[in-house]
Amino acid sequence: MIPSVHLRPGFVQPVWAGHPWVFAQAIARTTGTPAPGDEVSVVDPEGKTLGRGFWSPESAIPVRLLTRDAGVTLDAAFLQARIDEAARWRKALLGLPSPSSTGYRLVNADGDGLPGLTVDVFGDAASVQFGTIGMKRRADVILDAVTRAAGVTRVYEVGSERHQQREGFTVAEGIVRGEGAPTLSFTEGGVRFSVAAPGSAGGGQKTGYYFDQRENRAAVASLASGARVLDAFSYVGGFGLAAAKAGAREVVCVDSSASALAAGQRIAEDNGLADRVAYKKGDVRDVLGELGRAGERFDVVVIDPPKLAHSAREVEKAMANYRRLNAGAAQLVRDGGVLVTCSCSGSVTADTFLRAVALGARDMNRAAQVIAVRGAAGDPPSMAAFPEGRYLKCVIARLA
Ligand code: SAH
């Protein structure tokens with residue numbers, strides 16, 4: 001018998017309906033004495049098994065379910081099969097990887113039935129992030145399975161301080177399978193990218209690149225022929241480079257990170273796009289105003305700020321910030337031009353975000369005519385019962 005975690009009455013429904021998280025306050029008691037990372041079974045007040053996960057005693061979410069099947073053991077074969085399945089359906093349904101897009105998210109934690117595990121693939125390399133002590137303890141099996149499923153020759157481990165503190169383990173970022181190299185190279189929409197490998201000097205942000213925006217970049221590319229484009233919060237310029245590749249006349253990328261801009265500049269050169277893509281260092285909150293006062297106008301303005309609300313409590317403050325940013329961006333869009341505005345704050349719903357966009361446009365005496373409300377690409381999938389997985393909004397609006 002594996003140790004079991006018994007839920008309190010009144011806390012069962014969301015878990016039963018498919019939400020993978022068991023919060024600490026939902027737990028009445030545990031039977032057996034699970035060690036950190038041990039497999040546990042989650043049981044309702046009637047004694048019926050709801051599923052199985054790994055035990056994270058220090059976390060506010062002590063169990064995330066990996067299976068609903070009481071008869072399944074979370075052993076090496078189980079983890080390997082889940083990782084293989086993630087690779088198989090991405091190929092079958094999304095065509096990933098393809099010759100023009102060799103970078104993608106292979107495992108998206110809860111969205112792939114593997115809570116606590118995030119894997120990105122960059123051509124012949126992968127980066128792995130362990131988000132729970134249970135996954136970390138099984139690193140060897142997972143790293144081997146990822147190497148095989150993704151067909152890569154090297155794997156890096158990346159860390160997140162938040163996870164490490166919460167779960168009680170440490171990560172030395174760097175190469176864990178194969179021979180290290182200083183960069184990760186991949187293609188997206190036919191553009192060849194190269195970003196710093198984890199643990200190397202000037203290492204990339206998060207897991208190196210934001211694959212969740214791939215399809216939104218393609219949507220921007222489809223609007224970009226002959227256009228003058230501003231890519232604000234550009235990181236290495238994913239949106240701007242896609243636009244330039246699709247025939248944009250001029251692209252300006254703005255970010256506050258010098259290493260992101262330097263990497264972007266090299267990518268533009270490697271792709272023969274440097275004559276049309278400029279990288280500008282600055283705080284977007286200031287730069288939007290400066291460009292506006294200088295009378296600059298663009299056919300397409302993209303803004304993709306970092307997360308502005310980290311919890312429901314921060315939504316109101318974030319709304320004010322989204323409104324201000326969208327006003328600054330709206331001002332720069334020529335009459336009849338397009339605003340592409342993103343939010344990756346999970347606590348801000350699409351409707352709430354659209355309200356901030358409308359108000360920001362209004363502040364500049366503009367009206368936003370929404371052409372599309374988009375989300376993340378399919379390779380970070382989210383479970384229907386797990387709204388936290390649908391954090392990304394990308395609104396495309398024509399500004400009259
Ligand atoms: N659009 C990018 C991803 C953006 S992530 C892509 O498609 O890949 C958010 C970016 O905002 C990061 O690169 C970060 O360096 C930058 N950033 C955060 N705060 C900023 C600020 N106030 N001004 C300019 N850039 C900022």
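Counting starts at 1 for both ligands and their atoms, in listed order. Index from 1, following the sequence.
Residue-ligand proximity, G282 to ligand 1, at heavy-atom distances under 4.0 Å covers atoms 23 (N), 24 (C). Listed by number with element, the atoms of ligand 1 under 4.0 angstrom from any heavy atom of F239 are 1 (N), 7 (O). Interface atoms of ligand 1 facing S257, defined by a heavy-atom separation under 4.0 Å, are 15 (O).
At least one N/O-N/O distance between F233 and ligand 1 falls below 3.5 Å. Residue Y209 has no N or O atom closer than 3.5 Å to an N or O atom of ligand 1.
Listed by chain and number, the residues in a side-chain contact (heavy atoms from CB on, under 4.5 Å) with P97 are K91, Y104 (sequence neighbours excluded). With sequence neighbours left out, the side-chain contact (heavy atoms from CB on, under 4.5 Å) criterion links A385 to no other residue.
Of the candidates V284, D304, V254, I303, the one placing a heavy atom closest to atom 9 (C) of ligand 1 is D304. Here the shortest heavy-atom distance to atom 6 (C) of ligand 1, taken over Q213, R217, K281, belongs to R217.
Remark: K280 does not engage D255 in a salt bridge, criterion side-chain N to carboxylate O under 4.0 Å. A salt bridge is absent between E58 and R166: the closest approach of a Lys/Arg side-chain nitrogen to an acidic carboxylate oxygen does not fall below 4.0 angstrom.
A ring-centre distance under 6.0 Å is not found for F233 and Y235.
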